[in-house]
Amino acid sequence: MIKSHNFNLDHTLLSGQVFRWKKKNDAWTGVIEKTLVRLSYEHDVLEIHGGGRGIENRMSHYFRIDDGYESIMRSIKTDSLMSTLLRNLRGLRLIRQDPWECTVSYICATNSNIPSIVNMIENLCRRFGEQLEFEGEAFHAFPSPAKIAAADIHTLRECKVGYRAQFIKATATRILNDETIYSRILNESYQESMDILVSKTLGKKLLAGIGPKVADCILLFSLEKMQAFPIDTWMLRTIVNHYSFVIGEEYVLSLEAKLQFGRSLPPHDYSRISMKMREYFGRFAGYAQEFLYYNSRKQGQLRPMQQKRPLSV
DNA sequence: CCGCAGGACACTG
DNA sequence: CAGTGTCCTGCG
């Protein structure tokens, strides 16, 4: 068991960071590396079933229990909206994911939605992941880069990943040939890391399927760049609705004009907005992003019809 | 049948 | 470079 009063399991696992956890009867089941784990949380105590020796340290690491939560919350409590969210979503935490699994997950996430992403990941694991068992229950580990790199496009497509099949295979091949890339990024600054992830040589992407948004997710969720501030369409709505003063009122107007045909944010605008938000929230901006993101999605569920015009009001 | 959802990419001009 | 068409899937 892990004891912490600054942790909320539901908020953390419902925040859309990870895609392999399932809840049934108050217990969450997921796969960490090669072990199946069942979690339940009650009265400040996280109970862990499965995983064997050392599982507490691993889960503690996974849920970033080592973060100075109170201090981080203070640093991102910059306005009344954040103040409200920090109170209502208390215990929401960033998750420290495996970089490779995180990479594939967010390549799949482009131009998609959560149920579909969950489906893709599950298919990939079933098709390519090592089959394991715990207490008579069968499950699959997340497939290795080698396994994905060796897969053929047709089989990948059977996992319903669509046009992302080429990206996933190409990136797997790249990671397989240079396994030090993640550890190198761990020692780099945010900007340098971003530049590496989206870099091109001779017009060809180093890592296919990874643009600025996907890169920010990978950096924030798996490579210790807590200032990363991923901006998807949900977050853009939130920014326009609540933080136009941060990126500039006039700039918002020009944005609305530019995006009225449902186009995605051009790279230049992405980096500009992302930079402004990082400056506004500080070095733990990524934490702030999670609270805002969780909130925007919760509201979206309540009134789906409002999603028709993303940037209005 | 259409539009769109946690974008990225290759291709023009 | 800035703008544009296209990419697979699932769902309302």
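Keep in mind the model is a prediction, meaning the values are calculated, not measured. In what follows, chains carry the letters A, B, and so on, assigned in the order in which the sequence lines appear, proteins first and then strands, with residues in each chain numbered from 1.
A:Lys204 has its NZ atom 7 Å from the P atom of B:dA10, to the nearest Å. Whole-Å rounding puts the A:Leu206 CG to B:dC9 P distance at 11 Å. Rounded to an integer number of Å, the gap from NZ of A:Lys200 to C1' of B:dA10 is 8 Å. As rounded to whole Å, 14 Å separates atom P of B:dA5 from atom CG of A:Leu265. Atom NZ of A:Lys258 and atom P of B:dG7 are 17 Å apart (whole Å). Counting to the nearest Å, the P atom of B:dA8 and the CD1 atom of A:Ile231 are 11 Å from each other. B:dC4 atom P lies 20 Å from atom CD1 of A:Ile114, rounded to whole Å. As a whole-Å value, the separation of A:Met120 CE from B:dA5 P is 15 Å.
With P as the reference atom, C:dT6 and B:dC2 are 15 Å apart, rounded to whole Å. The same atom, P, is picked in B:dG3 and in C:dG5; the two are 14 Å apart, to the nearest Å. Annotation: B:dG6 and C:dT4 have their C1' atoms spaced 22 Å apart (nearest Å).
Backbone-only engagement by A:Ala208 is indicated by non-hydrogen atom pairs under 4.0 Å involving sugar-phosphate atoms exclusively. Contacts of A:Ile210 with the nucleic acid, taken as non-hydrogen atoms under 4.0 Å apart, involve only primed sugar atoms and P, OP1 or OP2. When heavy atoms are screened at a 4.0 angstrom cut-off, A:Pro230 is found touching no nucleic acid atom at all. The residue A:Val161 sits apart from the nucleic acid: no heavy atom pair falls under 4.0 Å. Residue A:Arg263 is classed as a base contact, given a heavy-atom separation below 4.0 Å to a base.
No salt bridge links A:Arg237 with A:Asp232; every basic N to acidic carboxylate O contact stays at or beyond 4.0 Å. Between A:Glu70 and A:Arg90 there is a salt bridge, with a side-chain nitrogen of the basic residue lying less than 4.0 Å from a carboxylate oxygen of the acidic one. Using a 4.0 Å cut-off between a side-chain N of Lys or Arg and a carboxylate O of Asp or Glu, A:Lys225 and A:Glu192 do not qualify as a salt bridge. Here A:Arg184 pairs with A:Asp178 in a salt bridge; the nearest charged N to carboxylate O distance falls below 4.0 Å. Under a 4.0 Å N-O distance rule, the pair A:Glu135/A:Arg38 does not qualify as a salt bridge.
Using a 4.0 Å cut-off, some side-chain N or O of A:Thr233 falls inside it from OP1 or OP2 of B:dG6. Distances shown here put a side-chain N or O of A:Arg237 below 4.0 Å from the OP1 or OP2 atom of B:dG6.
When DNA chain C is scanned 5' to 3' for any atom under 4.0 Å from a heavy atom of chain A, the first and last hits are C:dT4 to C:dG10.
Taken together through direct or relayed side-chain contacts under 4.5 Å among Ile, Leu, Val, Met, Phe, Trp and Tyr, A:Val246 and A:Phe291 form part of one hydrophobic cluster. In the hydrophobic cluster analysis, where Ile, Leu, Val, Met, Phe, Trp and Tyr join through side-chain heavy atoms closer than 4.5 angstrom, A:Phe284 is grouped together with A:Leu186. Cluster membership for A:Val198 and A:Ile168, using ILVMFWY side-chain heavy atoms within less than 4.5 angstrom, is shared.
Residues A:Lys276 and A:Ile247 come closest through the heavy atom pair CB-CG2, 4.0 Å.
Comparing atom distances between the A:Lys205 side chain and each of B:dA8, B:dG6, B:dC9 picks out B:dC9 as nearest.
Of the two residues contacting DNA chain B, namely A:Gly209 and A:Phe221, the nearest-nucleotide position lying further toward the 5' end is that of A:Phe221.
Contacts of residues 102-111 of chain A with DNA chain B (heavy atom under 4.0 Å): A:Tyr106, A:Ala109, A:Thr110, A:Asn111.
Under 3.5 Å, the side chain of A:Lys213 and the base of B:dG7 form no donor-acceptor pair of N or O atoms. Side-chain N/O atoms of A:Tyr270 and base N/O atoms of B:dG7 include no donor-acceptor pair closer than 3.5 Å.
No more than 12 heavy atoms of other residues, nucleotides or ligands sit less than 6.0 Å from atom NE2 of A:His268.
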Encoded 5' to 3' (Watson-Crick or G-U under 3.5 Å; [ ] crossing; | other strand), DNA chain C becomes |||||||.||||
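A donor-acceptor pair is defined here as one N or O able to donate and one able to accept, closer than 3.5 Å; such a pair exists between the side chain of A:Lys169 and the backbone of A:Ala151. The closest donor-acceptor contact from the side chain of A:Thr171 to the backbone of A:Phe167 lies under 3.5 Å.
Contact annotation: the side chain of A:Cys159 approaches that of A:Phe128 to within less than 4.5 Å [non-hydrogen atoms, C-beta and beyond].
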